There are 2 protein chains.
Amino acid sequence: MLLTDRQVLILQVIVDDFIRSAQPIGSRSLSKKEEITFSSATIRNEMADLEDLGFIEKTHTSSGRIPSEKGYRYYVDNLLLPQKLNHSDMAAIKSLFAERIYELEKIVQKSAKILSEMTNYTSIVLGPAVKDNRLKKLQIVPLNKDTAIAIIVTDTGHVENRMFHFPTSVDPSDVEKMVNILNERLAGVPLTNLNSKLYKEIAVLLRQHISSYDTLLNSIADTLNLPSHEKVFFGGKTNILSQPEFNDVDKIRRLMNMIEQEDGLYQLIRKNPAGINIKIGTENDNSAMENCSLITATYSMGAEKLGTIAVLGPTRMEYSRVISLLQLISTDLSKVLTELYQNK
Amino acid sequence: MLLTDRQVLILQVIVDDFIRSAQPIGSRSLSKKEEITFSSATIRNEMADLEDLGFIEKTHTSSGRIPSEKGYRYYVDNLLLPQKLNHSDMAAIKSLFAERIYELEKIVQKSAKILSEMTNYTSIVLGPAVKDNRLKKLQIVPLNKDTAIAIIVTDTGHVENRMFHFPTSVDPSDVEKMVNILNERLAGVPLTNLNSKLYKEIAVLLRQHISSYDTLLNSIADTLNLPSHEKVFFGGKTNILSQPEFNDVDKIRRLMNMIEQEDGLYQLIRKNPAGINIKIGTENDNSAMENCSLITATYSMGAEKLGTIAVLGPTRMEYSRVISLLQLISTDLSKVLTELYQNK
DNA sequence: ATTAGCACTCGTTCTTATAGAGTGCTAACA
DNA sequence: TGTTAGCACTCTATAAGAACGAGTGCTAAT
């Protein structure tokens, strides 16, 4: 099972070449590479062994070889040399993060965009997660006699709003009183705990001060049910379609469907732990992703993980380059977010 | 140029059949239809005339005929009998609008979804336009010593927010004072006029009351620059890909690109006047839409046009059904929105 | 252990043949 | 004069066969 140096060399050249050309590679053309010093016959023997071991495969009986998933896995785990990004790439990223953008979502969205442009693959960014945010302020803006907007602002500046109706019997001054009580008691509480805290501690308090408190309370409680999902942002949704592996109408349909569904992708990306993660082909456990690899990186604010940034490309992806880019962007993103919001 | 009754009948049958089958139709199979009482030779003669007039065309020298764009146009303008929707369709729409949803955007989004599901085409919904809304309330929530969130609520319950920074030298009580002044003076003003009014009338006022008013003023003015674009919602983005006319990888790529770009589509849809509008193929002036038709309908709140709801399908679209659905949904949508928000 | 040589396999491309759907035209018919 | 039957012709789609070339696996020589 341990590969000889020569086998490793051959595997490396095959993967590198296939990533560039998308064409199966045969013993003769391999033997012409400068790093290869032995004959095509020797290569054929080694290739047969590599195939037996499952690292490469043929597309048909007498074709050249292409990397198998196991081959990509070996390549990614052992042969990946961290590629130096060129200066123009570095500069583009630096200038992105040098811009003074204040909205969290906008920064994240821009990152997705630039990532897809630089890789020519599809980028997906999750987050930032709001469920760990803390309530900064709750406000209620009446629209007319029975409708109002409830607005929630979190400590990171995220704003959620919900419209609700209430009986016309409710006294406007009661609404104001309630908002005051809620702000006093709920400021600084993590969003996920709002509802339980509301019913456990505050209901009692409200009952003492407000006449028709129960209808109002239910409206508010409903409003505080925030979306549990992080938002999903995309960059270059159609980029991946220009890859030669998607020259098949059916594959395109299945992949586009999966991308549009969002939920499958979301689940796929979300479960990845901190740092860089690489999932190759069927490792993604999703039939539409058979020919795709997904590379994810997490970004954070201070010590707290905020979200995930990912690249979706063919298994024949430029792993080295994508990883370097993801690494750079995710750390820069974390740095900017930390600077911007951590000094509370 | 005027068609005989028989020619009209033949055209109608050809279009109807092609919409169903997506296959060119020949004189022999036409002659077997029950509404056709004359022979295939007669049909051949009539077809030749219809082709000379530009209403139908051949895919190759000895193929059957398919409708041309001009043929579809004639069909749409003259032959379309308003189709009765079946009960389950009606029921689905009714139940959609019977739900008590209060958020404008959510209602609109749901409409897009149901429309794409019922037609199996792609639906696109613009709006609702916020630029004609009036300011209900402006609020500022400080996050920390130099950052705050400005929140704008409109009379229809639309909420916009923007984060901004200000010098630490600014006095918090000044901020509060300013917000009070702005609310007094700007409530009820259409969003598009906010900025000019701010500089023309209110700057003077602020100068009298607030010490470092100019830095604050600029931050606020920036915040009031709302997005001019209506939002674009989609339903069934990939539905149209399952149409047989998109069995070509290149066509798929071009169309998906155009859909993802959003801006092109937005322009295409926006310029349509009130009511139902049908644009067939090249009438859309967009190369990616060559094989597509776009049907739009506007929806409104009271007398005020709010947005547009549209269906994108192949030129070989079920015009009659789509038009009926659009008509029903757009009027129901208008009705619900009017009821919900008009009673200010 | 390495390599040259060779028979063999399979995909690609081109050609050729065939069947089938449909047309346009002509001539006969009511 | 409008309608129709008949027929030669055109073009597509499909299959089958041939030639080519890239590549393999195996054997024997180095």
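Bear in mind the structure is a predicted one, so any value in this text is a computation, not a measurement.
- Around NE2 of H60(B), the count of heavy atoms belonging to other residues, nucleotides or ligands within 6.0 Å exceeds 12.
- Protein chain A touches strand DNA chain D; the 5'-most and 3'-most nucleotides with an atom under 4.0 angstrom of its non-hydrogen atoms are dA22(D) to dG25(D).
- To the nearest 0.5 Å, atoms NZ (K279(B)) and CE (M289(B)) are separated by 10.5 Å.
- Side-chain atoms of R44(B) never come within 3.5 Å of backbone atoms of S27(B) as a donor-acceptor pair (strictly under, hydrogens ignored).
- Tested against S293(A), the residues Y121(A), Y319(A), Y72(A) include a single side-chain hydrogen bond (donor to acceptor under 3.5 Å, both in side chains) partner, Y319(A).
- Judged by distance alone, with hydrogens and angles left aside, the side-chain atoms of S21(A) form a donor-acceptor pair with the main-chain N or O of D17(A) at under 3.5 Å.
- Of the inter-residue distances, the one linking K84(B) atom NZ with D89(B) atom CG reads 12.5 Å to the nearest 0.5 angstrom.
- Within 6.0 Å of the CZ atom in R6(A), the count of heavy atoms belonging to other residues, nucleotides or ligands exceeds 12.
- Of the residues near DNA chain D, T59(B) and T61(A), the one whose nearest nucleotide (by heavy atom distance) lies more toward the 5' end is T59(B).
- One atom, CD of E57(B), and another, C1' of dG22(C), lie 17 Å apart when rounded to the nearest Å.
- Rounding to the nearest 0.5 Å gives a distance of 8.0 Å between CE of M317(A) and OG1 of T119(A).
- Of the residues in residues 4-31 of chain A, G26(A), S27(A) come within less than 4.0 Å of DNA chain D through at least one heavy atom, sorted by number.
- Between the T282(B) side chain and the E290(B) main chain, no donor and acceptor come within less than 3.5 Å of each other.
- With L3(A) as the fixed residue, the side-chain contact (heavy atoms from CB on, under 4.5 Å) test singles out one of L9(A), L53(A), D49(A): L53(A).
- Listed in residue order, the members of residues 37-49 of chain B having a heavy atom less than 4.0 Å from DNA chain C are R44(B), M47(B).
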